[in-house]
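First comes the structure, then the notes that go with it.
Sequential numbering from 1 along the given sequence is applied to the chain's residues.
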Amino acid sequence: MPLSAIPSPVDGKPLPDDASAPLTLDAASAIALMDDSTELYQEIAQAYLQEIAELWSTLERMLEHSQLGDATRTLHTFKGLSLTVGANYLSEICKQCESKMKSLPGQTLDASVRVSMKEALETAVAQTQVALLAVLAALDCGATPNQQAPVTPAPDLLADMYRLRALLADSDMQALDLHASLCLRYPARQDALLKLSQAIKIFDFARAVVQCDELIHNINHTSR
């Protein structure tokens with residue numbers, strides 16, 4: 001489906017079908033930011049595929065309970081996660097949905113806006129899944145549409161680490177509180193988590209992102 005056929009979740013107008021529209025997936029740039037580690041990219045991308053498969057259902061549950069604040073934070077997190085793997089288009093859709101929710105009065109979401117958000121997000125997710133699976137196949141990862149990322153014994157830790165990485169990548173000050181919380185919640189990983197402390201304390205978020213990627217990489221390997 002061309003970008004021009006997808007309604008914007010903000011105003012219902014078509015997104016531009018031109019050079020200004022974001023690429024669905026820019027894996028090459030994402031891999032370059034990971035020091036050209038295709039192995040690390042594969043691990044993060046596989047976990048990301050599982051996460052985005054549940055994106056709308058997660059948001060829908062929140063909206064049914066009028067939890068617009070939680071839904072907004074979820075969209076903010078996925079905006080950052082999408083940029084991590086180079087999913088620029090889905091990141092842009094999440095950004096638009098987040099902005100729309102922040103502009104809403106009270107805790108209500110108009111039915112027509114909700115439909116537009118659902119269509120835009122589900123379409124963007126579908127396009128991203130296709131593009132990402134093709135990249136993983138090209139990297140000889142062996143991923144197929146029916147395969148899921150390997151289940152690890154520490155899914156909560158990995159999910160929290162991806163949340164931390166998203167905050168760091170967005171230079172969000174909430175990363176400080178989350179990092180402190182993780183050090184307390186996961187004492188067995190405290191030594192590794194404390195390695196992030198110096199970069200975080202001096203607000204060197206770029207270095208902290210790299211260190212966070214290394215920690216995610218190590219967690220994935222030691223959990224197998």
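Within the structure, salt bridge (Lys or Arg N to Asp or Glu O under 4.0 Å) contacts touching residues 74-89 (residues at least two apart or in different chains) are K79-E98.
No chain of hydrophobic side-chain contacts below 4.5 Å, direct or via other Ile, Leu, Val, Met, Phe, Trp or Tyr residues, connects V210 to Y41. Cluster membership check: M161 shares its hydrophobic cluster with L176, using side-chain heavy-atom separations under 4.5 Å among Ile, Leu, Val, Met, Phe, Trp and Tyr. Under the 4.5 Å side-chain heavy-atom criterion for ILVMFWY residues, a single connected hydrophobic cluster contains both L81 and L40. Hydrophobic cluster membership differs between L194 and L164, with clusters built from Ile, Leu, Val, Met, Phe, Trp and Tyr side chains linked at under 4.5 angstrom. If you chain together hydrophobic residues whose side chains sit under 4.5 Å apart, L49 and L139 fall into the same group.
Closest of all the heavy-atom pairs between Y48 and L90 is OH-CD2, 3.1 Å. Of all the heavy atoms in L75 and C94, the pair that sits closest is O-CB, 3.7 Å. Taking all atoms of both residues into account, the shortest heavy-atom contact from R114 to W56 is O-CH2, 3.9 Å. L168 and C212 get closest at one heavy-atom pair: CD1-CB, 4.2 Å. The shortest heavy-atom contact between A199 and Q211 is CB-OE1, 3.8 Å. Of all the heavy atoms in M34 and I44, the pair that sits closest is CE-CD1, 3.7 Å.
The environment of CD in Q198 is sparse: at most 12 heavy-atom neighbours from other residues, nucleotides or ligands sit within 6.0 Å.
In this structure, K195 NZ and E214 CD are separated by 9.0 Å, a value rounded to the nearest 0.5 Å. The distance from atom OG of S116 to atom CG of L121, rounded to the nearest 0.5 Å, is 10.5 Å. The structure places CG of L136 at 4.5 Å from CG of L132, a figure rounded to the nearest 0.5 Å. Atom CG of D26 sits about 10.5 Å away from atom CG of L83, to the nearest 0.5 Å. To the nearest 0.5 angstrom, Q129 atom CD is 12.0 Å from L25 atom CG. Atom-to-atom distance recorded for M173:CE and L178:CG is 13.5 Å, nearest 0.5 angstrom.
Side-chain contact between L63 and L68: present, with at least one pair of heavy atoms (C-beta onward) separated by less than 4.5 Å. Within the 4.5 Å cutoff, no side-chain heavy atoms of M117 are placed close to those of Q96. Using a 4.5 Å heavy-atom threshold, the side chains of S103 and K100 count as touching.
Side-chain atoms of D204 come within 3.5 Å of backbone atoms of R207 as a donor-acceptor pair (strictly under, hydrogens ignored).
No donor-acceptor contact under 3.5 angstrom links the side chains of S37 and D35, judged on distance only. Between the side chains of E54 and S57, a donor-acceptor pair is found at a separation under 3.5 Å.
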Set out, in order, the CA-CA distance, both residues' side-chain angles and the distance that settles side-chain contact (heavy atoms from CB on, under 4.5 Å) for K118 and L59, then state yes or no.
CA-CA 9 Å; K118 179 179 181 181; L59 289 171; over 6 Å; no
Worked verdict on D172 versus H76 for side-chain contact (heavy atoms from CB on, under 4.5 Å)
CA-CA 11 Å; D172 193 319; H76 183 80; 3.5 Å; yes
